[in-house]
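Heads up, the thing below is written out as structure tokens.
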There are 2 protein chains.
Amino acid sequence: MHMPRKQRRPRSKLSDVALRAGVSAVTVSRALRRPEMVSPQLRERIDSAIKDLAYIPNRAASILASSRSSVIGVVVSSLTNGVFADYLRALHDMFQPAGFQVMVLNSRYSPLEEEKAIVTLLGQRPEALILTDVDQTPYARELLEHAGIPIIQTMGLTDAPIDINIGISQYDAGSLATHHLIELGHRRIGILAARLDSRTRNRVAGYTDAMKQKGLHDEALLEWSAVPSTVKLGGELFSALLSRCPDLEAVFCGNDDLALGVLFECARRGIKVPEQMSVVGFNDLEFAASSCPALTSIAVPRHEMGRLSAEIVLEIIRGSGARPKTSRIDLGFKLALRDSTRMSAQRGLKV
Amino acid sequence: MHMPRKQRRPRSKLSDVALRAGVSAVTVSRALRRPEMVSPQLRERIDSAIKDLAYIPNRAASILASSRSSVIGVVVSSLTNGVFADYLRALHDMFQPAGFQVMVLNSRYSPLEEEKAIVTLLGQRPEALILTDVDQTPYARELLEHAGIPIIQTMGLTDAPIDINIGISQYDAGSLATHHLIELGHRRIGILAARLDSRTRNRVAGYTDAMKQKGLHDEALLEWSAVPSTVKLGGELFSALLSRCPDLEAVFCGNDDLALGVLFECARRGIKVPEQMSVVGFNDLEFAASSCPALTSIAVPRHEMGRLSAEIVLEIIRGSGARPKTSRIDLGFKLALRDSTRMSAQRGLKV
DNA sequence: TTGTAGGCGTTATCAG
DNA sequence: CTGATAACGCCTACAA
């Protein structure tokens, strides 16, 4: 025997409700999960007992007994970045109606925090795990491979997916943005980046190779910072870059927030966009289409990415093991061509 | 007896680890939770057994047995709104180090979805519940009052807190913003709002009363929409308002995203801010200080709100029941005076 | 420092 | 349609 250990009055449980309704505990449980299997009269009595006692089922007990959690674990790199917010919304929109609960943890772009988040989530015995990154720590990878549940790696693309990989080539996207600027006739094309996480690194690599290809590469054109990206930072990085490279003609920004900062900084300095400076963002967040000038950006299909991630997960869970043929799905991206970029006045012709 | 019901290979459990390490299950459990209570040699054997088996404790079982979840439930009205993202970050920063897990659910500004979220969270037997709203459904309120855990209602202020209320007066904030514009000499002051949730309604009420006080009220000056607020919407609402009230001198925007949209729309139409149009935002999001022109806004202490919410919760949990004296804490707000508002040229004097 | 016993609240199974 | 019973995996209390 042992004494009760909590001073808090214990919440009412199944058996309390059963007692009050004059039925057995199982019946109450059934009335909650499969009401059609319980006679209407009993159901009514049970329902009112539940209301009276403000009864709420204990999920822990339920999960333990049924060994099904209905939890979908998600690790995002950031909560403040609009891309992830949109991606999450897509996930919610798919999973909520299907009766699954989305549980989100933030890794703040840190592989170690991501590993911790993965451990935490696996502890919940989730039905699936969704990661907004493709580079996990070896230990995390090991755990994921043993998890026995669908694992989705998104946003980026990898040659060695743990399970299923849905994303876009960040390298190609960086390359496309750069080539767009090159084709407009720009030669001094800078790049702004905050926090070089794996995705950003790939974008920068795409930029760098594109520049090298055309013999335009110059270390001085890269301006980056270790702090999280903000609008303010965009302005600051741009200012720093501009003072180092006064002949700058265009900037490719690692994301739309930075680009917004550049737009404002240009306005402040009286630099006309796109006449004197072409600006390209990344992600195509909501505001990109309605800024002034409207921002040219790389449109990342984050909503479709979320929808598809969820669709595949649900298919696997329900189809009990039917995996998609391809474990690596490239969703592609597009250049959202708008008013912040245009043909260089100096040249006026394609290279 | 009964047959196993799941086809998935069962994850390894405490007893598996114990077997492999040649100790008893409790010892493994202890090695995980209080390593200092286990001898170094055993600890080592246990650790390697854990690694070998990729063992991860089953949280459900742990919660059930200990009746403590270390979960802090949070319901936010939106995941895409910057205010909540910042507030959440503050919560994470406080709770994570303290060993608590923040579990976030989204109510999308709907009281009914909030109620569902509350039920879901209560099912997790959280240690505390934090709500970013003060108006709950009667049933939700009932549940919360019976929950026996600290309940924090934030963002707004209420006369009848369920437990603890930390926030600001949205009414006063709306009033302040309006008075600011009135004092600048503006008389035709419009207001833009998306989605009239309770907080926004209070802000609008603050505006309306302020306008009435000065005899400036005019229904035509209110422009709102039921859809979520976006930058684009800001521009659209502004356009609509302007075509109805061509003599508009200033706009108070329900939030900074709308204000950003107004700024862009003004730029597009060649309306000079603040010379021809004063613009006030709400929330003082990061970009407000670095936009061009810098946006005058209402600075809401969302970070402090999060910090204090967490601090109080932790105090109650650890101090086992020591509640703060006041159950209603008004954190106040400030007018972040910047470049998007200025003295009306027509009058040039205070009213 | 380590092990044994019992129970946490729910669900699956099988019997009525 | 309803009820009895045995798990689910771990933790608290107590004993060794």
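Just so we're on the same page: letters track the sequence lines, and every chain starts at 1. Predicted model only: the values in this text are computed from it and were never measured. Atoms considered below: every heavy atom in the structure, side chains included; atoms not considered: hydrogens, waters and symmetry mates.
Scanning DNA chain C for stems, defined as runs of 3 or more consecutive Watson-Crick or G-U wobble pairs whose donor-acceptor distances all fall under 3.5 Å, gives the following ranges: C:1-16 with D:1-16.
Within the nucleic acid shown, Ile63(B) has no heavy atom closer than 4.0 Å to any nucleic acid atom. The residue Gln41(A) sits apart from the nucleic acid: no heavy atom pair falls under 4.0 Å. Among the protein residues, Val26(B) comes within range of the nucleic acid bases, having at least one heavy atom under 4.0 Å from a base atom.
In this structure, CG of Leu64(A) is placed 12 Å from C1' of dC11(D), rounded to the nearest angstrom.
In this model, no side-chain donor or acceptor of Arg11(B) finds a partner on the base of dG9(D) within 3.5 Å. Arg59(A) contributes no side-chain N or O that forms a donor-acceptor pair with the base of dG9(C) under 3.5 Å.
There is no side-chain donor-acceptor pair under 3.5 Å between Tyr109(A) and Ser198(A).
Each of dC1(D), dG3(D), dG9(D) was ranked by its minimum atom distance to the side chain of Val23(A); first place goes to dG3(D). The side chain of Leu42(A) approaches dT2(D) more closely than any other nucleotide in the set dC10(D), dG9(C), dT2(D).
Residue order along DNA chain D, read from the 5' end via each residue's closest nucleotide, puts Asn58(B) first among Asn58(B) and Arg30(B).
Here the straight-line distance linking atom CG of Leu105(B) with atom CD of Gln96(A) works out to 6.5 Å at 0.5 Å rounding.
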Residues 35-42 of chain B, side-chain donor-acceptor partners within the protein, below 3.5 Å, at least two apart:
none

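Heavy-atom contacts from other residues, nucleotides or ligands closer than 6.0 Å to CD of Glu311(B) number more than 12.
A salt bridge does not link Asp16(B) with Lys13(B): every distance from a Lys NZ or Arg NE/NH1/NH2 to an Asp or Glu carboxylate oxygen is 4.0 Å or more.
The salt bridge (charged side-chain N to carboxylate O under 4.0 Å, His left out) check on Glu113(A) picks up Arg108(A), with sequence neighbours excluded.
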